[in-house]
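Sequence positions, counted from 1, serve as the residue numbers for this chain. Side chains included, hydrogens not; waters and symmetry mates left out as well; all remaining heavy atoms used.
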Amino acid sequence: MAKIEPVARRLYEGLRPYVPKSKVHEYDNEFASRKMFTSKFVKEFFPKYVNFNYWIKKPKKEEDIRLLNYFIVEVPVLGVTWTKLLNYNSPKYLNKYRIKDNKK
C-alpha cells in the first residue's frame with residue numbers, strides 16, 4: 001500500500017490556488033504543523049478549505065479538473081491512494097491526455 005504523504009502533498013500543492021486568499025495562511029500553517037498524514041486528515045482537511053462543488057464547474061486551469069475529480073470521485077471510492085489522476089502535472093501525461101481546444 002502506498003504511503004499517504006505523497007498524495008497529501010500533491011493535493012496540498014495542487015489545491016492551494018483554490019483556497020480563498022483569506023484562508024491561505026491558515027491552510028499553510030495547519031498543513032505544515034502535521035507530522036503524520038492519515039486518510040482521515042486528508043478527507044477532512046481539504047474540504048475545509050476548498051469548495052469542490054464550485055471549482056469543479058469553473059477550474060482555474062483545465063488540467064486541474066483531474067485533481068478535483070480525484071478528490072470528489074476516487075477518494076470516496078478507492079480511498080487516499082496514488083492513482084493516474086495525481087500525475088496531472090506531469091508533462092508526459094498532460095501531452096498525452098490534454099483536452100484539445102476546438103476553436104478555429
Q: May I have the step-by-step check of side-chain contact (heavy atoms from CB on, under 4.5 Å) for Trp82 and Ile4, ending in yes or no?
A: CA-CA 8 Å; Trp82 193 271; Ile4 294 173; over 6 Å; no

Q.
I'd like to check the salt bridge (Lys or Arg N to Asp or Glu O under 4.0 Å) partners of Arg34; sequence neighbours left out, ordered by chain and number.
A. none

Q: For Asn29, enumerate each residue passing the side-chain hydrogen bond (donor to acceptor under 3.5 Å, both in side chains) test, keeping only those at least two apart in sequence or located in another chain.
A: His25

Q | Distance, nearest 0.5 Å, that separates CG of Leu67 from CD of Glu13 | A | 10.5 Å

Q. Mind checking whether Tyr27 and Tyr12 have parallel, tilted or perpendicular rings, split at 30° and 60°?
A. parallel

Q) Same cluster or not: are Met36 and Phe41 linked, directly or through other Ile, Leu, Val, Met, Phe, Trp or Tyr residues, by side-chain heavy atoms under 4.5 angstrom apart? A) no

Q. Under 4.5 Å between any side-chain heavy atoms of Arg16 and Asp28, yes or no?
A. yes

Q.
Tell me if the centroids of the rings in Tyr49 and Tyr18 come within less than 6.0 Å of each other.
A. no

Q. Do Phe45 and Phe37 have their ring centres less than 6.0 Å from each other?
A. no

Q. Do Lys48 and Glu30 touch side chain to side chain, with heavy atoms closer than 4.5 Å?
A. yes

Q | Pairing of Arg9 and Glu5 as salt bridge, 4.0 angstrom limit | A | yes

Q. How about Lys57: does its NZ atom have over 12 heavy atoms from other parts shown lying under 6.0 Å from it?
A. no

May I have the list of side-chain donor-acceptor pairs in residues 68-80 shorter than 3.5 Å, sequence neighbours left out?
| from | atom 1 | to | atom 2 | distance (Å) |
| --- | --- | --- | --- | --- |
| Asn69 | ND2 | Ile65 | O | 3.4 |
| Tyr70 | OH | Thr81 | N | 3.3 |
| Tyr70 | OH | Thr81 | O | 2.7 |
| Glu74 | OE1 | Thr83 | OG1 | 2.8 |

